[in-house]
Amino acid sequence: MRKFSGFAVVREAMRAHKGWAEQWNTPEPRKQYDVIIVGAGGHGLATAYYLAKEFGITNVAVLEKGWLGGGNTGRNTTIIRSNYLYDESAGIYNHALKLWEGLSQELNYNVMFSQRGVMMLAHNVHDVQVSKRHVHANRLNGVDNEWLTPQQVKDYCPPINIGKSVRYPIVGAALQRRGGVARHDAVAWGYARAAADMGVHIIQNCEVKGINRGSDGAVTGVETTRGTINAKKVGVVAAGHTSVLMEMAGVQMPLESFPLQALVSEPVKPILPCVVMSSSVHAYISQSDKGELVIGAGTDQYASYSQTGSMHILTDTLEAICEVFPIFSRMKMMRSWGGIVDVTPDRSPILAKTPVSGLFVNCGWGTGGFKATPGSGNVFAHTIAKDEPHKINAGFTLERFRNGRLIDEAAAAAVAH
Amino acid sequence: MSAPNRIAGHGRLSPSNAISFTFDGKRLDALEGDTLASALLANGIQLMGRSFKYHRPRGILAAGSEEPNALMDIARDNGRRQPNVRAGVQEVFDGMMAESQNRYPSLAFDVGAVNDGLGRFLPAGFYYKTFMWPRKAWDKLYEPIIRNAAGLGKTPVEADPDKYANRFSHTDILIVGAGAAGLQAALTAAKSGLQVVLADENPELGGSLLSDGDVRIGGKAGGDWARNVEAELRGMDNVTILTRTTAFGYYAQNMIALVERVSDHLANPDSGLVRERLWQIRAGRVIMATGAIERHLVFADNDRPGIMLASAGREFLHKYGVTPGQNIGVYTACDSAYNAAFDLKQAGVSIVAILDCRPNVDSELLSRANDLGIKVLTSHAVISTSGRLRVKSMQVRSIDGGKSEKYEIDCLLMSGGWTPSVHLFSQSRGKLAFDEDKGRFVPDIYMEDCASVGSCNGTDDMAAALAEAKEKTNEAIKLLGGKTSRAKALSVENACSMDGFLIGSADGAGPDDFVKAFVDFQNDVTAKDIRLAVREGFRSIEHVKRYTTTGMATDQGKMSNMHGLAIAAEMLGKDIPEVGLTTFRAPYTPVTFGTMVNHSRGELFDVTRRTPMHEGAVAKGAVFEDVGNWKRAWYFPQGGEDMHAAVNRECATTRKMAGMFDASTLGKIEVVGPDAVKFMNMMYTNPWDKLGVGRLRYGIMCREDGFIYDDGVVARMDKNRFHVTTTTGGAPRVLNMMEDYLQTEFPDWKVWLTSVSEQWAVIAVNGPKARAIIEPLVEGIDMSGDAFPHMSVREGKICGVPTRLMRMSFTGETGFEINVPANYGQAVWDAIWERGAPMGMGVYGTEAMHVMRAEKGYIIVGQDTDGTVTPHDAGLSWAIGKNKKDFVGIGGLRRPDLVAKGRRQLVGLRTRDGNIVLEEGAQIVENADVPIPIPMVGFVTSSYWSQCLGHSIALALVENGFERLGETVFIPMEDRTIAAEIVSPVFYDAKGGRVNG
Amino acid sequence: MANLELPLQSRMFANDGIAIAPIGSLERVSLRADDSAFASIEKVLGLTLPKKPKTSVTKDDRTALWIGPDEWLILGQDNASLMQAFGKLRSQKFSAVDVSHRNCAIQISGENAVMVLNTGCPQDLSLKAFPVGACSRTVYAKAEIILLRTGENEFHLECWRSFSDYVWKFLLDSATSL
Amino acid sequence: MLLIHCPYCEEDRPELEFHGAGEAHMERPKNMGDISPEDFEKFFFIRENRKGLVFERWRHLHGCGRFFNAARHSVSDKFICTYKAGEPKPELSDEQIAAVLPPAKGTPANEPIVSKGDAK
C-alpha cells in the first residue's frame with residue numbers, strides 16, 4: 001500500500017494525480033474463506049481489519065449488499081464518547097476511544113477525529129443526579145467526564161443559552177473532553193483500504209440471501225447474489241438488517257429496527273466548538289469540519305426498513321435545538337435523511353457467539369454505534385478468531401435476555417446514546 | 001437611470017418604483033420587484049461571492065433557488081440577519097443590507113484565494129491523505145485552519161426576533177409549480193368543484209412564461225395568459241394560491257411540507273406579520289409541475305463571474321429589464337439558449353457569437369440568428385476563459401481541432417440542456433427511469449397518489465405539457481369524485497425548443513489535467529476530481545459524491561448531479577443507470593429552523609403545567625423546580641434564606657408543628673367496575689382482595705420484567721371503585737400500561753379506567769398538629785384516631801366542598817391528604833393556611849418532602865430505583881402477594897439473575913463524619929486504596945442533611961446491602977474519600993408510632 | 001363554602017375574524033359503559049348516547065360526546081345533576097367519573113376559527129370532514145384536546161386544566177400570526 | 001407523518017394522535033407464575049422484526065384511546081389494513097400485498113427491495 005502523506009500529495013500533484021491507486025480491491029469472490037463478515041459498514045470492516053492485523057487471519061471476505069459504508073456508518077451524526085455508566089459499557093466504549101485516538105495514524109487515513117468535547121446538558125434535579133452518577137462512575141473507571149456549572153458550560157460553548165428565561169434552563173452539564181466527532185465515511189474507507197491491503201476481500205453489491213449450515217448445525221457458508229461462498233465462521237455485522245440475516249440461520253433476535261433521522265444545516269463559519277447533547281429536551285448537535293450543523297433526531301415510533309421517517313420527528317428536534325441555541329433559528333436545514341437502527345431491549349449491543357456454531361453476531365448498537373467502531377471491530381475479531389469473547393465484550397451476550405443480566409443503560413441513565 | 005445594465009422598455013418592473021439597498025456597505029439603486037441578483041447585475045456588478053474551497057471569485061449562475069454561487073447575507077438589523085440567501089430569490093426591499101460571504105478582507109481581495117493557487121495540491125479527498133503528522137497537530141493546527149476556511153455565511157449572533165407559523169391543511173388537489181403546466185392543471189382542477197391548492201416558489205405565477213417574450217397561449221402572450229389565469233383562480237372560493245411558497249418535502253401518504261416566505265420581501269413588514277409559515281398539506285392527489293432546471297456546461301474556467309445560464313440571462317431581461325452584460329457570448333448544447341441570444345440582441349445587446357457544440361442545429365434557429373446578425377459556430381467549444389473578477393474573454397475552438405480563437409466578452413451564457421426537477425417525485429419514493437435519448441431521469445413508477453406534468457415529466461413541448469396537465473388533472477378529479485373538464489387544451493404558439501443536451505465534460509475542452517472545469521461550483525468540484533475518485537476505487541455514485549463532495553453543497557446537486565454522474569459513468573465505462581443516482585432527500589431547498597419550529601419556542605416550547613395552588617405558592621415566595629412538564633414548589637425561602645436554611649426550617653416546622661404541601665401533581669386513576677379487584681391484583685404486586693372499603697394501601701407496580709415501574713397509595717372507595725395514585729411523572733405511562741392490559745389481554749373484564757389526576761387538588765397536611773388544624777374545617781367525617789386511623793380514606797366535606805380525605809403520610813408524621821375538586825384547591829388551601837398558620841403550621845416544598853421521606857426510608861421511584869431494581873431489591877418484598885398466582889412481573893422476577901446473589905439492594909448510609917452530606921450519584925466502593933479502575937459496589941441514590949437528626953443521611957443501592965448492615969464502605973470523591981456505614985434505611989421514628997398521633 | 005377558581009378566569013381575546021374565550025363552569029362526566037348498560041344510562045340521562053364515531057348528541061342543556069367505542073364525555077350545567085342521575089343506576093356495567101374540574105373549556109369562534117385551530121391540530125376541520133356537531137379527541141400542538149364543533153365557525157375545546165394555559169397561549173400565538 | 005386508519009373511529013387520522021406499541025399478536029403466556037426463562041425471553045424480548053409485511057400494534061392514544069392492530073409493509077411503510085384488538089391476523093390477498101410493495105430495483109439503485117415472496 002502506498003503511504004498517504006502530504007509529500008505524496010505534492011508529488012502526485014506534479015502529475016495531475018494520475019498515480020493514485022485504488023484504495024481497495026474489487027475482487028471476484030473466492031469459493032472459500034476462513035471468515036466471512038456480512039456487512040461492510042465501519043464495524044464489519046474494522047472486524048476484518050483486526051482479524052488480519054491482530055490474528056493473522058487474512059483469508060477474509062467482507063460482503064456488502066450495497067456500497068461499503070453506505071448504511072449507518074455513512075448516515076450517523078458521528079458522536080464519539082465513552083462516558084457510559086456500567087462497567088461493561090465504559091469498558092467497550094473506552095477501548096474504542098483509545099483506538100480512535102491513534103486511528104488516523106494506524107490506518108494511514110485521516111479520519112479527522114476531532115476531540116472537541118462532548119457536553120451532556122442537565123436541565124433539572126433528576127438530570128443532575130443522573131449526570132453525577134455517570135461522572136463518579138466514570139472517574140472510578142478511568143473514563144474522563146467532569147461536571148460543569150452553567151457558567152462553565154457557557155464558557156466552553158459560547159453560543160449556548162444558559163438564561164433562566166427558557167422553558168428548561170440549563171443547570172449544568174457533564175463534559176467528556178476526550179469525546180468528539182470524526183469523519184464517518186473516512187472511517188469506513190480507511191478500514192477498507194487497510195484491510196484490503198492485508199489481503200481482505202471487500203465484495204460490494206453482493207447480497208447475502210441465505211446462511212448455510214451443515215448436518216451438525218454449524219455454519220458452512222452463505223448464499224449470495226454472486227453464488228455460494230463457504231466459510232466455517234460467519235460474522236453478521238448488519239445493523240438494521242440483523243434480524244433478517246439471523247433469521248436465515250434460524251436465530252431469532254431480541255431486536256427491533258427503527259428509522260433514525262438526522263439533518264444538517266447549510267455550512268456556516270465556526271460557531272459551535274463542541275458536541276452538545278441533551279436528553280431532557282431531546283437533541284444533539286455538533287458542527288462538521290465543513291461548517292454544517294449536524295443534528296440528530298430521535299427514532300420514529302414504528303419499526304421500518306425504509307430509511308425515511310416522519311417530519312415531526314425532525315421538527316421536535318429542531319425545537320429543542322432552538323431552545324438551547326436561539327441564535328440558530330435562522331439557520332437552514334439543508335438535508336435530512338434516515339437510517340435503520342437495530343435496538344435491543346436494554347439499549348446495549350450484542351457482540352457474541354450465537355447458538356449456531358461458527359455464527360457470530362455484532363448488533364444492537366441502536367442509535368449510538370459509530371463511536372464504538374474501532375473497539376467493536378477489535379473485540380469482535382477476537383471473538384471470531386478465538387471462538388470466545390474478549391473480556392471487554394464478555395457481558396454483551398445473547399443469553400442476558402434469558403437470565404436477566406441486562407446492561408440497561410437506558411433504564412439506568414435515561415440518556416440518549 | 002444610473003443602473004448601466006437596465007434596458008428601458010423591458011421587463012415587468014416599473015421604473016418609477018425606485019428603492020435602494022446596500023451591498024457590502026455600498027448604496028445601490030434598484031426597482032421594486034428586483035431580486036438581489038437582478039439589481040446587482042443592473043448595477044453592472046457580477047462579482048457576488050466566493051467559492052467554498054478555493055475561494056474563487058463567483059458571480060450569478062442561475063436566476064433562481066438552484067443558485068450555488070451568489071449566496072449572500074441579508075439583514076434588516078442584527079437579529080434579523082440571514083446567511084446564505086440566494087441572490088436570485090431574495091427580493092430587494094428598500095433599506096435592505098446585503099453582504100457577500102466567505103471572504104476576507106473583501107470580496108474583491110480575499111486572502112482565502114491562495115487556495116486557488118494551491119489547487120493542484122488540494123484534489124478531492126486530499127485531507128484524508130494528509131494532516132496526520134504530528135498527531136497532535138490535527139486538533140491544534142490543521143483542523144482549525146480547515147474549519148475557518150470552510151463554511152459560508154455567519155450565524156446570527158442574536159436570538160431570532162421574528163415570528164413563524166404553522167398550518168395543517170387538507171386539500172383534494174395540490175399543484176406544485178405554477179408554470180404553464182401547473183396553471184393549466186390548476187384551471188382544470190379549479191372547475192371541478194374540488195378543493196385546490198396551487199403553490200409556487202416565485203412571487204408571481206407563470207414560471208418560465210414570464211421570461212419568454214415569444215410564447216403565446218390561447219392567442220395571448222404567455223405572461224398575460226398567466227396573469228389572466230391567476231386572476232380567474234383568485235376569484236374562486238375553492239382555490240388557494242400560495243406564492244413565494246416552496247414545496248420542500250414529500251412525506252408518506254401525500255403529506256407535503258411547504259414553506260411560505262411571508263415577509264422577507266417587505267421593507268417594513270407589519271409587526272404582526274410572520275416571517276415564514278410552514279404548511280403541512282395532506283392532499284388527495286398531488287400534481288407536480290415543478291419544471292426543469294437548466295444545466296451549465298463543464299469546461300475549463302467555466303466559473304468566472306459573468307458566466308451564467310442562458311435561461312438566467314433571458315429571465316433577467318424579461319422579468320427585470322436587465323442585461324447580464326453588454327458583450328455577450330453564448331455557448332450551448334441546447335436550442336433554448338438561442339432564444340436568450342435573440343431576445344438580448346433584439347433588446348440592443350451585442351451578441352458576440354453563439355458557440356454550439358452540436359454539429360447539426362435546427363435550421364430555423366440558424367436562419368433566425370442569421371436574420372438578427374448573430375454569428376453561430378456549430379461544432380465549437382469554449383476551451384477556456386480569462387478574467388479575474390469578471391470574465392473578459394473566451395477561447396473558442398472547433399471540436400474537430402485546429403486553432404483557437406479569442407473573443408472579448410463580459411458575459412457568457414451557457415446551456416447544457418435541462419434537468420427535470422424530479423426531487424419531489426423521488427422523495428415520494430417513486431422510481432425514475434433514464435431517458436437515454438435526452439440524457440435525463442424521468443418519473444417512472446409512482447408510489448404515492450400523484451402525477452408529474454410538463455417538463456418535470458420530460459414533456460418539454462409546451463402544447464404537449466398543457467395537454468398532459470389537463471389529462472392528469474382530469475384523472476385526479478375523477479379519482480376524487482369531482483367534475484372533469486371537457487374543455488379543449490389551449491393552443492400554444494412560438495414555444496421555445498428545449499432540444500439538445502450535453503452531460504459530462506464538454507467536448508473539445510482538451511486534456512483537463514491542470515485546468516479547473518467545474519461540476520459543482522460551490523464545493524469547487526471539478527471534472528478531474530470526479531475522475532480521481534473513480535481512479536481511486538470509488539465506484540458507487542454515493543462514494544463519488546462523498547469523496548469529492550459533489551452535490552453536497554447548498555443546492556444539493558441541482559446543477560451538478562447529472563454532470564458528475566456522466567463523468568463517473570464514462571470513467572467506469574458503464575451506462576448511467578448502472579452507476580445510479582444519489583437519493584433525493586428533503587428539503588428541496590433549505591428551510592430555516594425557525595419555520596420548522598414555528599410556534600413552539602419560548603414558553604410554547606413545551607407545556608408548562610401548574611397546579612391549582614400555583615399562584616398561592618408564588619405568593620408565598622416559592623422557588624419552583626421542573627418535574628416533567630410540571631412546575632412544583634421546591635422550597636419557600638424567607639427573609640434571605642438559602643435553600644438549605646429554608647428546607648431545614650420547613651422540615652423542623654413540619655415535624656414539630658405541622659406543614660402543608662401541594663401534592664396535586666400526583667397521578668390519579670379511578671378504577672371502577674365489577675372486576676376492579678381482579679384487575680388491581682393483576683396490575684400490582686400486592687394483594688387487594690382483603691383491602692376494606694375506606695382503607696388505603698401502598699402499591700407497587702412492575703413491568704413484566706419484574707422491575708419496579710411505579711408506586712403509589714391506593715384507596716378503596718367502594719367495593720368496585722379504587723382511587724389509585726401514581727408518581728407525578730408516571731401518570732401517563734401507568735394509565736397506558738393499564739389500558740394496554742385491559743384492552744388487549746383482559747378485554748372481557750368489566751372494569752374501566754379514568755384519569756382524575758387533574759380532577760383533584762391534593763393538599764397534604766402533616767405533623768403533630770395536622771388533625772387539630774383541619775378537624776374544624778371538616779364536615780361529615782369522624783376525625784378521631786379510632787374512627788379514622790392511619791391508612792384510611794373518608795368522603796365528606798371540607799370548607800364546604802366535597803373531599804376524599806386520606807389519612808396517610810409521606811413524612812412519618814400524622815398526615816392527611818385532602819383531595820378536593822381542583823377549582824376549589826386554592827380556596828381550601830387558603831382556608832387551611834388561615835387556620836394553621838397561627839397554630840405554627842408552615843408550608844413545605846418538594847425538597848423538604850424529599851428529606852422527610854428519606855428520613856423514613858420511603859423510596860422515590862426513578863430516584864432510588866432506576867428501572868433495574870426489583871421490589872425485593874428495594875426492600876419491599878412484603879408488598880408482593882405471596883399467594884398470588886399471577887401479576888404483571890411475576891415471571892420476570894423469577895429469572896435467574898433477579899434472584900441471584902450480589903444484587904444491589906436499598907440500604908441507608910451514615911457517613912462517619914455526620915456533617916458530610918454525600919453527593920447523589922456518588923459511587924460506593926469496598927476499598928478506595930486501589931488503582932483505577934476501582935470496582936464499584938453501589939451508588940448513593942438520595943442524600944440530605946437531616947436537621948431533625950442532626951446528621952446527614954443517605955439511601956444507597958449496594959451489592960448484597962441487606963447482609964452488610966454495620967459494614968463500612970467508601971465513597972471516593974475527587975478530593976477525598978468518605979467513609980460511611982451501611983445502616984437501615986429508616987432513620988427516623990423506626991417504630992413508626994408518630995403517624996398514629 | 002370555598003370559592004371556585006377557574007383556570008383562564010377573566011382572559012379574553014378578539015381580533016379580526018377570531019374570538020377566543022374561556023367557557024364557564026360545567027359539570028362533566030367521563031362515562032365508560034358496557035353495551036348492556038346503555039338503555040338504563042340513556043334513561044337516567046334523558047338523551048341517547050351517540051354511537052357513531054366523531055358525533056355528539058345534545059338535548060336540552062346536556063351534550064354527550066362520542067370519545068371512543070365505550071367512552072363518552074357528558075357535559076351539563078354545573079349543578080351536579082349528572083352525577084346524581086348516575087347515582088340512581090343499578091347496573092354495575094359502567095363507570096361514571098366526575099371530571100368537572102379536570103377539564104376546562106375554551107370557545108373559539110369567528111371565520112378564522114378553523115385556521116387558528118389548524119396551527120396545532122392536524123385534523124381536517126373542513127365542514128365536510130368535521131361538520132357542526134362533530135367531536136373528537138385529538139391534539140393541539142403538545143396538548144391533548146377534545147374538539148366539538150358547535151357552529152359553522154364555532155368550536156368548543158376541552159383540555160385538562162393544567163394544559164389550558166399552554167393551549168390558550170398557543171391559540172393566541174396562532175390568532176396573531178394568520 | 002403517517003395517516004392511520006383507526007378501526008374504531010372508522011377514519012384516517014394523523015399519526016400525531018397515535019402511539020406505536022410494537023409487534024402484534026404477542027399473547028401473554030397463561031403460565032406467567034411458573035414460566036421458564038426461555039419462554040419469558042421469547043415473549044418479552046424476541047421479536048420477528050420482519051423486513052416486509054409486519055403486524056403491529058398502535059394505540060389511538062389521543063383519539064378514541066383504543067389499541068388496535070395494523071398490517072403494514074416495513075419497507076414501503078404502507079398500511080394494508082388495520083383491525084381491532086383481539087381480532088385474528090387477517091388473511092391478506094395477493095392484490096392487497098402487491099399494492100404495498102416497494103417498487104423493484106430501479107434508480108435510485110440504493111433502495112431496498114423485497115419481492116412478494118419475502119413479504120409473505
Side-chain angles (χ1 to χ4, degrees), chain A residues 4 6 8-10 13 16-17 20 22-24 67 70 104-105 109-110 114-115 124-125 129 132-133 136-137 140-142 167-168 185-186 266-271 289-291 310-311 314-315 318-319 321-323 326-337 403-405 408 411-412, chain B residues 82-84 120-121 123 126-132 139 143 146-147 150-156 159-160 251 257 513 532 536-537 540 542-543 546 554 585-587 590-594 596-597 600-601 605-606 625-626 866-868 895-898 919-923 932-934 936 939:
Chain A
F4 283 164
V9 170
V10 170
H17 299 281
W20 296 110
E22 290 197 340
Q23 295 197 3
W24 49 79
W67 36 284
S104 292
Q105 291 70 28
Y109 210 100
N110 191 349
S114 172
Q115 293 185 290
N124 54 46
V125 175
Q129 288 163 345
K132 292 215 168 161
R133 188 177 165 197
H136 291 299
L140 300 186
N141 265 327
R167 177 65 188 83
Y168 298 113
D185 292 327
E266 291 184 333
V268 283
K269 291 293 175 194
I271 177 79
D289 280 341
K290 274 189 74 185
S310 293
M311 190 179 82
L314 298 180
T315 308
L318 288 172
E319 286 172 10
I321 295 296
C322 290
E323 164 84 353
I327 66 166
F328 289 164
S329 163
R330 292 170 99 92
M331 292 296 294
K332 287 180 178 170
M333 169 169 84
M334 181 170 81
R335 184 177 177 84
S336 64
W337 65 92
N403 61 30
R405 189 175 287 276
D408 206 338
Chain B
Q82 178 69 53
N84 299 350
R120 72 158 63 172
F121 304 110
F126 74 98
Y127 30 76
Y128 299 126
K129 297 171 178 160
T130 53
F131 303 136
M132 287 179 274
D139 284 345
E143 193 188 28
I146 290 175
R147 281 181 175 260
L152 291 169
K154 291 188 189 125
T155 329
D160 189 348
Y251 293 91
D513 290 352
L532 172 65
E536 289 197 78
S540 158
E542 284 283 355
H543 278 159
R546 285 153 183 265
T554 56
R585 295 283 192 177
V591 179
T592 60
F593 293 0
M596 300 289 284
V597 169
S600 298
R601 58 188 202 154
F605 167 63
D606 203 355
E625 68 164 332
D626 284 308
D866 65 4
T868 65
R895 290 180 295 159
D897 195 58
L898 276 71
E919 203 167 287
E920 285 166 354
Q923 298 290 323
I932 279 171
I934 309 176
M936 290 165 262
F939 72 101

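Each chain gets a letter, A, B and so on, in the order its sequence line appears, and its residues count up from 1.
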Chain B contacts, top residue of [options] (heavy-atom pairs, under 4.5 Å):
{"options": "A:Ala137, A:Ser310, A:Gly70, A:Ala8", "result": "A:Ala137"}
{"options": "A:Met311, A:Arg330, A:Lys332, A:Gln129", "result": "A:Arg330"}
{"options": "A:Gly291, A:Pro270, A:Ser104", "result": "A:Pro270"}
{"options": "A:Gly142, A:Ser329, A:Ser114", "result": "A:Ser329"}
{"options": "A:Arg167, A:Glu319, A:Met331, A:Glu22", "result": "A:Arg167"}

For a 4.5 angstrom cut-off between non-hydrogen side-chain atoms, does [X] reach [Y]?
{"X": "B:Pro83", "Y": "A:Lys269", "result": "no"}
{"X": "B:Glu143", "Y": "A:Gln115", "result": "no"}
{"X": "A:Cys322", "Y": "B:Arg601", "result": "no"}
{"X": "A:Val9", "Y": "A:His17", "result": "yes"}
{"X": "B:His543", "Y": "A:Gln23", "result": "no"}
{"X": "B:Val597", "Y": "A:Glu323", "result": "no"}
{"X": "B:Asp866", "Y": "A:Arg133", "result": "yes"}
{"X": "A:Tyr168", "Y": "A:Asn124", "result": "no"}

(request) Examine whether an atom of A:Leu318 lies under 4.5 Å from a heavy atom of chain B, and if so say whether it belongs to the side chain, the backbone or both; otherwise answer neither. (result) both
(request) Tell me, for A:Asp185 versus chain B, whether the close heavy atoms (under 4.5 Å) come from the side chain, the backbone, both or neither. (result) side chain
(message) Tell me if the aromatic rings of A:Phe4 and A:Tyr109 count as close, with their centers under 6.0 Å from one another.
(response) yes
Among [options], residue most engaged with chain A (heavy-atom pairs, under 4.5 Å):
{"options": "B:Ile934, B:Val591, B:Leu898, B:Ile932", "value": "B:Val591"}
{"options": "B:Arg546, B:Lys154, B:Gln923", "value": "B:Arg546"}
{"options": "B:Ser600, B:Pro933, B:Pro587", "value": "B:Pro587"}
{"options": "B:Arg585, B:Arg895, B:Met596, B:Glu625", "value": "B:Arg585"}
{"options": "B:Ala586, B:Gly921, B:Ala150", "value": "B:Gly921"}

Toward chain A, the part of [X] with a non-hydrogen atom under 4.5 Å:
{"X": "B:Ser540", "answer": "side chain"}
{"X": "B:Phe605", "answer": "both"}
{"X": "B:Glu919", "answer": "side chain"}
{"X": "B:Leu532", "answer": "side chain"}
{"X": "B:Arg147", "answer": "both"}
{"X": "B:Phe131", "answer": "both"}
{"X": "B:Asn84", "answer": "both"}

(request) Check the pair B:Met936 / A:His136 against side chain to side chain contact (heavy atoms under 4.5 Å, CB included), numbers first and verdict last. (result) CA-CA 10 Å; B:Met936 290 165 262; A:His136 291 299; over 6 Å; no
(message) Main chain of B:Pro896, side chain of A:Asn403: is a donor-acceptor contact present, judged purely on distance under 3.5 Å?
(response) no
(message) To the nearest 0.5 Å, what is the distance between CD on B:Gln82 and OG1 on B:Thr155?
(response) 10.5 Å
